[in-house]
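Working notes, structure below.
Small disclaimer: the values here were computed from a predicted structure and weren't measured. Atoms within a ligand are numbered from 1 in the order they appear, just like the ligands themselves.
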Amino acid sequence: MLELIGLNKRYKGEAEAALDGVHLRVQTGEFVAVLGRSGAGKSTLIRCVNRLVEPDAGRVLWQGRDLTAMSAAELRRARMRIGMVFQHYHLLPRLSVLTNALAGRFGAMPRWRSLPGWYTASERALAAAALREVGLEALGRRRVEELSGGQKQRVAIARVLVQQPELLLGDEPISSLDSVTAARIMRHIASLHRERGMTVLLNLHDVAVARAHASRIIGLAGGRIVYDGSPEALDETALARIYADEAAPDLPIHRRDRG
Ligand SMILES: Nc1ncnc2c1ncn2[C@@H]1O[C@H](COP(=O)(O)OP(=O)(O)OP(=O)(O)O)[C@@H](O)[C@H]1O
C-alpha cells in the first residue's frame, strides 16, 4: 500500500500551499489517475511521493516503509522498485537511447555500467523490445540529447518497461506524444498493471484517458483532494468541482476511503 499522511507543501515565496493536508491510501495493484487544473498541485503530489520535492509536513509510506524518513542511500534503493516517468527527469543525455533504456534495470547507474556491452543478452533483448514498444527501435544508438521532447519521453517510458517496477509514478507521461503513441503507451502501462499487479499513480490531463484506464480517480483543487472515487462516478458535478475556478472546501467532499 502507498499511504500519504497529512502532506503539506508550500513553496518558498508562495502565498498558497501547493498541497494542503493530503491524505491518500492507494492499495497495491490500484491504478489511480490524478486530475486537476493547472496549478492544482498534481506534480507536487507525485513528486512528494518519491521526494523529488520534500514535503514540509506529512509522511509517505510505501509497503509500510516511511520514504520520508529514509537516508539518501535507502531512498536510492527504494527508488529501484519505483518507476518514474517525469518530463526531463533523469535521462542520461550523452548516452545512447539503448543504454538509457537498459538503465531501467538499475536505479542510479554507476558510470562503469554505461556501455550496453556490460548487460546480459536477455537484458539487451528486453530493452530492445521496450524500444520497439515505444517506436524507437531505429534510434537505439542515438544520443538522447539529440532527440525531440516526445522522443525523450518515450525513452523514459521504455526505461520503465525494462525496469518493471512495483510502483509507477507518472507526471503527465503521455503529454507530448502523438495520440497513436499515447494510446499504445497507456495500453502497455495498463497491461503491466493488470498482469504484474503494478500499482500506478499518474497525473493525467485528459479525463477520457483517465476514465479509460484508471480504477480510481483523485481530483485535486487548490492542493486538496476534492474527489476520490470511481471513473463511473465522475459525473458533471464532480468534474465541476475538480475544474472549478476556486476550490470549494465547504462543499461536502465525495470521498471513497479505502483500506
Ligand atoms: N518550484 C516551485 N517554486 C514555487 N512554486 C511552485 C514550484 N512548483 C510549483 N509551484 C506552485 O505550486 C502550485 C502547484 O503546482 P504544481 O506544479 O504541483 O501543479 P500542477 O497541478 O501539476 O500544475 P500543471 O498541470 O500546470 O503542471 C502552483 O501554484 C505552482 O505555481
Side-chain angles (χ1 to χ4, degrees), residues 2-24 26 31-60 67-68 75 79 82-91 149-150 152-154 156-157 160 167-179 182 185-186 189 200-214 216-229 231 234 238-249 251 253-255:
L2 174 69
E3 197 169 6
L4 314 185
I5 307 167
L7 280 189
N8 284 330
K9 177 70 188 178
R10 187 164 60 81
Y11 292 98
K12 218 166 164 222
E14 294 288 314
E16 304 286 329
L19 292 181
D20 188 3
V22 169
H23 289 273
L24 179 64
V26 177
F31 190 137
V32 178
V34 181
L35 298 176
R37 284 164 59 95
S38 178
K42 305 181 299 295
S43 297
T44 305
L45 177 70
I46 296 277
R47 282 157 196 265
C48 279
V49 172
N50 63 3
R51 289 179 54 198
L52 285 180
V53 166
E54 292 287 353
D56 297 331
R59 295 196 299 150
V60 176
L67 296 177
T68 32
L75 186 61
R79 280 177 176 167
I82 301 177
M84 301 183 250
V85 183
F86 295 164
Q87 277 188 307
H88 312 301
Y89 177 65
H90 247 196
L91 291 177
K152 284 182 190 156
Q153 203 164 9
R154 285 191 271 162
I157 290 163
V160 162
L167 170 64
L168 176 65
L169 303 173
D171 194 1
E172 308 216 343
I174 54 168
S175 59
S176 54
L177 304 180
D178 64 84
S179 58
I185 297 299
M186 284 308 299
I189 290 174
V200 181
L201 182 62
L202 299 183
N203 289 342
L204 292 170
H205 68 265
D206 188 327
V207 175
V209 172
R211 277 205 170 110
H213 295 285
R216 181 178 175 193
I217 308 268
I218 298 293
L220 266 191
R224 296 178 183 197
I225 293 179
V226 297
Y227 178 83
D228 180 355
L234 186 71
L239 286 170
R241 185 196 306 282
I242 297 168
Y243 291 102
D245 278 347
E246 295 293 333
L251 293 175
I253 290 175
H254 176 103
R255 180 145 191 138

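- Distances from atom 18 (O) of ligand 1 to the heavy atoms of V34, I46, T44, V53 put T44 nearest.
- Atoms of ligand 1 found under 4.0 Å from any heavy atom of A18, numbered from 1 in the order shown, are 12 (O), 13 (C), 14 (C).
- Regarding atom 27 (O) of ligand 1, its nearest protein heavy-atom neighbour is S43 OG, 3.7 Å.
- No more than 12 heavy-atom neighbours from other residues, nucleotides or ligands sit within 6.0 angstrom of CZ on R10.
- Using a 4.0 Å heavy-atom cutoff, R37 is listed among the residues neighbouring ligand 1.
- Note that atom 30 (C) of ligand 1 has no protein non-hydrogen atoms nearby, at separations under 4.0 angstrom.
- A side-chain contact (heavy atoms from CB on, under 4.5 Å) with I242 is found for one member of I225, L220, L234 and no other, namely L234.
- Judged as a side-chain contact (heavy atoms from CB on, under 4.5 Å), and not counting sequence neighbours, the contacts of A33 are L204, A210, A214, I217.
- By the criterion of a heavy-atom distance under 4.0 Å, both the backbone and the side chain of K42 are placed next to ligand 1.
- For atom 26 (O) of ligand 1, the closest heavy atom belonging to the protein is S38 OG, 2.6 Å.
- Of the possible polar contacts, none joining the H23 side chain to the I5 backbone as a donor-acceptor pair under 3.5 Å is found.
- Put simply, the side chain of K42 never gets that close to the backbone of L35: no donor and acceptor are under 3.5 Å apart.
- Residue contacts with ligand 1: G41 is included, with a non-hydrogen atom under 4.0 Å away.
- One distance of note links CD1 of I46 with CE of M84; it measures 11.5 Å at 0.5 Å rounding.
- Remark: the D56 side chain and the N8 side chain contain no N/O donor-acceptor pair separated by less than 3.5 Å.
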How far apart are the C-alpha atoms of L67 and I82, what are their side-chain angles, what is the distance that settles it, and do they pass the side-chain contact (heavy atoms from CB on, under 4.5 Å) test?
CA-CA 11 Å; L67 296 177; I82 301 177; 4.2 Å; yes
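- Residue, atom and distance of the protein heavy atom nearest to atom 4 (C) of ligand 1 are Y11 CB, 3.2 Å.
- Heavy-atom contacts of E14 reach the following atoms of ligand 1: 4 (C), 5 (N) (cutoff under 4.0 Å).
- Of the listed residues (S175, G39, G222), the one carrying the non-hydrogen atom nearest atom 24 (P) of ligand 1 is G39.
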